[in-house]
Amino acid sequence: MRPDDAPSVPGFPTTRLRRLRYHPGVRRLVRETTFSTANLILPLFVRPGQGVRQEIASMPGHFQLSPDELAEEIGQIAGLGLGGVLLFGIPAAKDPFGSDAMSNLGIIPEAVRVVKATAPDVLVITDVCFCEYTDHGHCGALGSTGGRVDVDNDRTLEMLGYQALAHAQAGADVVAPSGMMDGMVRAIRRRLDAAGFSHVPILSYAAKYASSFYGPFREAAESAPRFGDRRSYQMDPAAPPGQALREVELDLAEGADLVMVKPALAYLDIIRQVRDRFPGVPVAAYNVSGEFSMVKAAARLGWLDEKAAAMESLTAIRRAGASIILTYWAKDVARWLMDA
Ligand code: PBG
């Protein structure tokens, strides 16, 4: 049934929608959803050492890189026109408070300096979170809330401020808090502003769900929680969709410049709602590790065409309303678009 205000269109045989698909040139002419490498961010994993280039088993083509190997990698991607890189660090040592994360000598500040020294024009975004740095694998300092051991939200806020500051001092262009702590954007904004970094934007992982699709990443970043799970801070997939809008609204009120929805493919409805509710706010979507690994695995078995599946996934994420996509296919896409 047509809604009353829908324009009346003649039906078949006057209208044949296949006419818009018959000629490849017409298909190309009416195409609207496109993306360029400038909208894509490549995640990279950095660990201490020299000459380390260790492939992540569940993410073929992605590696844990030592700083010297990171320089190699950056040299190779500098000419691709990517939107930027997102750095994740695996520290030399973990402790209950994730000290490495707050140190100017930590793995991420070192990595940022390496990227900037190699290719100053490559935009560097840093992930601001503690799960890779704590020995328990949770995204902040632990405390006891109502008799249960869990991440202590308010104590973690101050730590996040210092982590973001260390990244900014090393030269990070954008900081991206991903721990889903209440008040994290405000805490980071205040710390950065007080230290003279009011020009550094915050890309908030605003609506981040507790997802099984992060599995391969936790191998890559060695960040799986040692006990329990992240469901007391990351969002419940079955929560009312409006909760994601509240998360975004609060982060914007705290000073977020860009917001992210994560994962992407199972949350296209959320991307669309955020886009519609906050026009003018750049919306990023994270095409996460599991979304990448599923296609890779199926392609290896000969069950899917990797390039076609990847491009279709990215097109869908763009169509849903994301202006920026973080994806492990960023380099491949740059090559595929050049070949096209
Ligand atoms: C947390 C973080 C995670 C991812 C990005 N930042 C993992 C988690 O929340 O457990 C996942 C990214 C991916 O799966 O590709 N620092």
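Hydrogens, waters and symmetry mates are skipped; everything else that's a heavy atom, side chains included, is used.
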### Message
Would you compute the distance between atom CG of L314 and atom OG1 of T34 and round it to the nearest 0.5 angstrom?
### Response
12.5 Å
#### Entry: R300 side chain near P60 side chain, heavy-atom distance below 4.5 Å
yes
### Task
Locate the shortest heavy-atom distance separating G179 from C129; write the atom from each residue and the value.
CA-SG, 3.9 Å
### Single-linkage hydrophobic cluster L105~V46, side-chain heavy atoms < 4.5 angstrom
no
### Task
Give the C-alpha distance, both sets of side-chain angles, the deciding distance and a yes or no for salt bridge (Lys or Arg N to Asp or Glu O under 4.0 Å) between K331 and E73.
CA-CA 11 Å; K331 274 200 294 183; E73 178 79 14; 2.7 Å; yes
### Message
Please determine whether residues V52 and L70 belong to a single hydrophobic cluster, defined as Ile, Leu, Val, Met, Phe, Trp and Tyr linked transitively by side-chain heavy-atom distances below 4.5 Å.
### Response
no
### Message
Run the side chain to side chain contact (heavy atoms under 4.5 Å, CB included) test on L44 and I74 for me, step by step, so that the C-alpha distance in whole Å, both residues' side-chain angles and the decisive distance to 0.1 Å come before the verdict.
### Response
CA-CA 10 Å; L44 292 171; I74 294 295; 4.0 Å; yes
### Query
Just wondering, more than 12 heavy atoms not from E312 lying within 6.0 Å of its CD?
no
### Task
Please check if atom CZ in F197 has more than 12 non-hydrogen atoms from other residues, nucleotides or ligands closer than 6.0 Å.
yes
### Residues forming a side-chain hydrogen bond (donor to acceptor under 3.5 Å, both in side chains) with Y267, sequence neighbours excluded
none
### Query
Take atom CZ in R277; do more than 12 heavy atoms of anything else shown fall under 6.0 Å from it?
no
### Side-chain (S293) to main-chain (S58) donor-acceptor, under 3.5 angstrom
yes
#### Entry: Single-linkage hydrophobic cluster, 4.5 Å side-chain cutoff, L250 and M235 together
no
#### Entry: R53 with E72: basic N within carboxylate O range, under 4.0 Å
no
### Query
Can you tell if the side chain of Q234 reaches within under 4.5 Å of the side chain of S211, non-hydrogen atoms only?
no
### Summary
When rounded to the nearest 0.5 Å, the distance separating CG of D339 from NZ of K307 is 6.5 Å
### Query
Got R47 and E222 here, is their nearest side-chain heavy-atom distance under 4.5 Å?
yes
### Message
With heavy-atom distances below 4.5 Å as the criterion, would you say the side chains of S204 and M184 are in contact?
### Response
yes
#### Entry: Expected output: side-chain R230 to main-chain Y209 donor-acceptor under 3.5 Å
no
### Message
Does atom CZ (R272) have a neighbourhood of more than 12 heavy atoms from anything else shown, all under 6.0 Å?
### Response
yes
### Message
If I compare all heavy atoms of A195 with all of L165, which pair ends up nearest, and what's the gap?
### Response
CB-CD1, 3.4 Å
### Query
Going from CE on M159 to CE on M102, what distance comes out if it is rounded to the nearest 0.5 angstrom?
4.5 Å
### Query
If you round to the nearest 0.5 Å, how far is CZ of R319 from CD1 of I271?
10.5 Å
## Note on the structure
Closest non-hydrogen atoms of A220 and Q64, given as atom of the first, atom of the second and distance, are O-NE2, 2.8 Å
### Summary
So CG of D152 and CG of L157: to nearest 0.5 Å the spacing works out to 8.5 Å
#### Entry: R189/D251 salt bridge by N-O under 4.0 Å criterion
no
#### Entry: K262 charged N/C atom sitting above Y214 aromatic ring, 6.0 Å / 45°
yes
### Message
Does E55, at its CD atom, have more than 12 non-hydrogen atoms belonging to other residues, nucleotides or ligands within less than 6.0 Å?
### Response
yes
### Message
Strictly distance-based, threshold 3.5 Å: is any side-chain N or O of R275 a donor or acceptor partner for the main-chain N or O of G321?
### Response
yes
### Task
Could you pull out the closest heavy-atom pair between P282 and I324, with the gap in Å?
CB-CD1, 4.3 Å
## Note on the structure
Taking every heavy atom of G75 against every heavy atom of T118, the minimum-distance pair comes out as N-CG2, 4.1 Å
### Task
Please list, chain by chain and in numerical order, all residues satisfying side-chain hydrogen bond (donor to acceptor under 3.5 Å, both in side chains) with D229, sequence neighbours excluded.
R231
#### Entry: V124 backbone acceptor or donor facing D173 side chain under 3.5 Å
yes
### Message
For the backbone of L265 and the side chain of E291, can you confirm whether one donor and one acceptor N or O come within less than 3.5 Å of each other?
### Response
yes
### Message
I'd like to know if the side chain of N153 and the backbone of M181 have a donor-acceptor N/O pair within less than 3.5 Å.
### Response
no
### Query
Quick one: does K94's side chain have a donor or acceptor within less than 3.5 Å of a partner on S99's backbone?
no
### Task
Please name the pair of heavy atoms, one in P177 and one in I188, separated by the smallest distance, quoted to 0.1 Å.
CB-CD1, 3.6 Å
### Query
Are any side-chain N or O atoms of R318 and backbone N or O atoms of S323, one a donor and one an acceptor, separated by less than 3.5 Å?
yes
### Query
How about F227: does its CZ atom have over 12 heavy atoms from other parts shown lying under 6.0 Å from it?
yes
### Query
Is there a side chain to side chain contact (heavy atoms under 4.5 Å, CB included) between M311 and V333 once you walk through the steps?
CA-CA 8 Å; M311 292 300 266; V333 172; 4.2 Å; yes
### Message
One pair to check against side chain to side chain contact (heavy atoms under 4.5 Å, CB included): Y205 and D127. What are the steps and the verdict?
### Response
CA-CA 9 Å; Y205 287 65; D127 186 81; 2.8 Å; yes
### Message
Pair L142, V151 - check side chain to side chain contact (heavy atoms under 4.5 Å, CB included), show working.
### Response
CA-CA 4 Å; L142 296 181; V151 176; 4.3 Å; yes
### Rounded distance (nearest 0.5 Å) linking atom CG of D100 with atom CD of Q163
9.5 Å
### Summary
Contacts of R148 meeting side-chain contact (heavy atoms from CB on, under 4.5 Å) (sequence neighbours excluded), chain-then-number -> D150, S232
### Message
So L86 and Y286, do their side chains get closer than 4.5 Å, heavy atoms only?
### Response
yes
### Task
Please lay out, stage by stage, how F45 and F217 fare under the test ring-ring contact (aromatic ring centres under 6.0 Å, His included).
CA-CA 10 Å; F45 301 94; F217 173 94; 5.5 Å; yes
### Message
Tell me whether L304 shares a hydrophobic cluster with F213, the cluster being built from Ile, Leu, Val, Met, Phe, Trp, Tyr side chains joined at under 4.5 Å.
### Response
yes
#### Entry: F12 reachable from V9 in the ILVMFWY side-chain graph, under 4.5 Å edges
no
### Message
Less than 4.5 Å apart, side chain to side chain, heavy atoms only: is that true for Y133 and I107?
### Response
yes
### Message
Are L192 and V175 packed together at the side-chain level, in the sense that at least one heavy-atom pair is separated by less than 4.5 angstrom?
### Response
yes
### Within-4.5 Å side-chain heavy-atom neighbours: F278 and L245
yes
### Message
Strictly distance-based, threshold 3.5 Å: is any side-chain N or O of D68 a donor or acceptor partner for the main-chain N or O of G51?
### Response
yes
### Summary
Which of F63, F292, F88 passes ring pair (Phe, Tyr, Trp, His ring centres under 6.0 Å) with Y328? Answer is F292
### Message
I'd like to know if the side chain of T126 reaches the main chain of L87, judged simply by a donor and an acceptor atom lying under 3.5 Å from each other, with no hydrogens or angles considered.
### Response
no
